[in-house]
Each structure stands twice: as C-alpha cells, then as structure tokens.
Amino acid sequence: MLKLISSFSIGLVFGVGILVSGMANPAKVLNFFDLFGTWDPSLAFVMGGALIVTFVGYRLVLRRSAPLLDSNFSLPTKSDLDARLIGGSAIFGIGWGISGFCPGGLVPALGLGRAEPFYAIGGILIGISLAKLAIKALDAKTESKADIATPATGNT
Amino acid sequence: MTEFTPVYSLLGGALIGLAAVALMAVHGRIAGISGMVGGLLQSPTSADWGWRAAFLAGMIASPVVLLIATGSMPSISVPPTTAMLIGGGVLVGIGVTFGSGCTSGHGVCGISRFSARSIAATMTFMVTGLLTVFLVRHVIGG
C-alpha cells in the first residue's frame, strides 16, 4: 500500500511538471519542432530543467545501496545501438510530429476532461500491442534460425 | 502561435526531474512513461503492474492540482483531425516499443545517466519529429 501511495504521489508531481511546462499541449510541442514557422523554444527549457535536476539527483541517489521501498535499483543494462533502437525512435518521432503527444505529455492530458487525448492513447495502445506481437514473431524467427545455423563454437 | 514560456517551462521541467529522482530514490525505477503504459497491458498480477498503474493515475489526476491552484484547467490545442491523433498515436506506440522508450525514459532519465543508447534515441526522434512537422506544415499543408 505504501508503494502505491508513494508512486501515485510521485506521478502527481510528474504530471504537474508536465502541465506547467507546456508538454501536455500539442500546439507547443509542434511549434518547438517548427523551426521555420511559428517556432517556440520553450521545450528546450523543459528538457534543460529536467536534465539538470535529474543529473544531480541521480548522482546523489545512486550512491546509496538500495532505494527506500525496494531491494535494488533497476537500471537498463543494454549498451548496443541496434536497428530496433534507432528505427523505433525514428518512428516515434514521426508519430510525435503528427499528433504532438508523447506518452509523458499525453497521460496528464487525459485528466483535462476532453475527448482528443483519448483518441491518441487509443492509438498508442494499439501501436504498443502491434509492436509487441511483431517483436515476438521476429524473436521467434531469429531463434529458429539460430537453432539451425549455430556453429559448435558459438557466435562471436 | 504559442507564447514563449521560459520560466514555466524551466520550472515544470525541474518538477519532472524531481519526480524522476524521487522514483529512483524510493522505488529504484526509471521514470519512463511509455514503459509504464506498455506495462499496463501485462497481467495485473505481474510484480510491476501496481506501482505503474498508481504512477499513471497520479499523472491523470494532476490537472486537478492545477485547477485548485489556479482556478482553471490548463488549455491545450490539438491537431485538427482525429485521424492525426489516432494515426500519430499508433506510430508513437510502435516506435516506443521497438525503441525501448520515449522523451521521459530516454530524453530525461537516460541522458542523465549518459546512456549512449538514450542519447542516440533522443537525437533520432528529435530529428524525425522536426522533419515530420516540416513536411506536415510546410510541404503538405504549405
């Protein structure tokens, strides 16, 4: 229960930050991208503010042996720049440039009492489901290929 | 046109950072919103489902804080068609799943850890976002 209350409260602060910053407003996001039109540089300040606090805060927090309510820190360990990372990010940017909603900007907008954000979240959930199916199929294909082609010494 | 809001944007960004640091300090997790949304599609009995749902519920409730503080909901302006919202959303969903993250997870948390993957991802989606808006507004819509 304590975990849920804590997570809800942190989500609330995150959401207030998104709303105050302007990230929940697609017009502001799209104007940030519109260098040759109605450019609004505000979002650079959002990134700047968030990065300064997170950079310093992470350094202090990650010195500790464990988080307060869990046994260990869960940090991503992958380091390779593969086609999925770059291709996926490229597709994300295209979608973001069309709708103006990134996931973090969209979720607080769901609480504004308007219909449009629900169309966007519906699309996102469909997209995530499709991609998960595709990744499963791709991984299964790679595995069956590896079964046939794995040399005795293994891949290097 | 939208008004340039450096002070509010910096302040809001700092709050986003504060929440990201708090989530790491208390729960030991990266504040990646696309990962949380995607995680909701897993079984509610999975270990991470509860805190993710609670975090997202907090985000959805956040406009109420602004309503109480300022007396009105923040106003937003969205793209003109439903197809752009749904279609853009589908691409965002596909992209963040293959790319393992979005603006929050890669752009804020990952770059703060100097993750090469996150820096590459952020540069990529910023560039394609820019190109897309250029195409939509100045080539197709021109």
Side-chain angles (χ1 to χ4, degrees), chain A residues 4 6-8 10-17 19-21 25-28 31 33-34 38 40 42 45-46 49-50 53-55 57-58 61 67-70 73 81 84 88-99 102-104 107-108 110-112 116 119-120 123-124 127-128 131, chain B residues 1-2 5-6 8-10 12-17 19-26 28 33-34 38 51 54-55 58-60 62-63 65-66 73-74 76-78 82 84-86 88-99 102-104 108 112 120-121 124-125 128-130 132-133:
Chain A
L4 295 184
S6 149
S7 189
F8 178 89
I10 299 169
L12 197 65
V13 173
F14 195 102
V16 169
L19 292 167
V20 170
S21 73
N25 185 0
K28 224 164 158 54
N31 281 341
F33 283 135
D34 196 2
T38 50
D40 176 354
S42 302
F45 288 74
V46 184
V53 173
T54 310
F55 174 77
Y58 270 11
V61 165
L68 291 176
L69 296 180
D70 209 312
F73 294 107
L81 305 180
R84 285 185 191 181
S89 298
I91 295 170
F92 163 47
I94 295 170
W96 194 18
I98 293 172
S99 71
C102 65
V107 176
L110 293 170
L112 291 174
E116 303 95 335
Y119 296 131
I124 288 182
I128 292 175
Chain B
M1 283 293 282
T2 48
T5 54
Y8 280 124
S9 289
L10 197 64
L15 280 177
I16 294 169
V21 173
L23 190 68
M24 187 57 75
V26 180
I33 308 306
S34 58
W51 75 265
F55 192 98
M59 285 178 77
I60 295 172
S62 63
V65 176
L66 267 86
M73 287 283 195
I76 63 169
S77 170
V78 300
T82 305
M84 287 173 86
L85 291 164
I86 299 177
V90 170
L91 293 176
V92 167
I94 293 172
V96 296
T97 308
F98 274 101
C102 59
T103 330
S104 48
V108 175
S112 294
T124 306
F125 62 67
T128 56
L130 212 120
T132 304
V133 169

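Naming: A, B, ... by sequence-line order, numbering from 1 per chain.
- Of the listed residues B:V78, B:V26, B:T103, B:I33, the one with more heavy-atom pairs under 4.5 angstrom with chain A than any other is B:V26.
- Remark: the B:S9 side chain and the A:K28 side chain contain no N/O donor-acceptor pair separated by less than 3.5 Å.
- Looking only at heavy-atom pairs under 4.5 Å with chain A, the residue among B:G58, B:G12, B:G28 that has the most is B:G58.
- Judged purely by atom type and a 3.5 angstrom limit, B:T128 uses its side chain to pair as donor or acceptor with the backbone of A:A90.
- Note on A:P103, A:G15, A:G97, A:C102: by heavy-atom pairs under 4.5 Å with chain B, the leading option is A:P103.
- No other option in B:I86, B:V108, B:I16 has as many heavy-atom pairs under 4.5 Å with chain A as B:I16.
- Contact count versus chain A (heavy atoms, under 4.5 Å) is highest, among B:T124, B:V92, B:V96, B:T82, for B:V92.
- Of the atoms belonging to B:L10, heavy atoms from both backbone and side chain fall under 4.5 Å from chain A.
- With a 4.5 Å cut-off on side-chain heavy atoms, A:L19 and B:P63 count as touching.
- Remark: B:Y8 OH is loosely packed, at most 12 non-hydrogen atoms of other residues, nucleotides or ligands lying under 6.0 Å away.
- For A:V61, the part lying near chain B is the side chain, with the backbone staying farther off; criterion is any non-hydrogen pair under 4.5 Å.
- Heavy atoms of other residues, nucleotides or ligands lying less than 6.0 angstrom from OH of A:Y58 number more than 12.
- Among B:A20, B:S104, B:S34, B:S62, the residue with the largest count of heavy-atom pairs under 4.5 Å with chain A is B:S62.
- Between chain A and the residues B:A19, B:A54, B:C102, B:G99, the most heavy-atom pairs under 4.5 angstrom are made by B:A54.
- Judged purely by atom type and a 3.5 angstrom limit, A:S42 uses its side chain to pair as donor or acceptor with the backbone of B:T5.
- If you measure heavy-atom distances from B:V65 to chain A, the contacts under 4.5 Å come from the side chain alone.
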- prompt: So B:T132 and A:I98, side chain to side chain contact (heavy atoms under 4.5 Å, CB included) or not? Walk me through it.
  reply: CA-CA 7 Å; B:T132 304; A:I98 293 172; 3.7 Å; yes

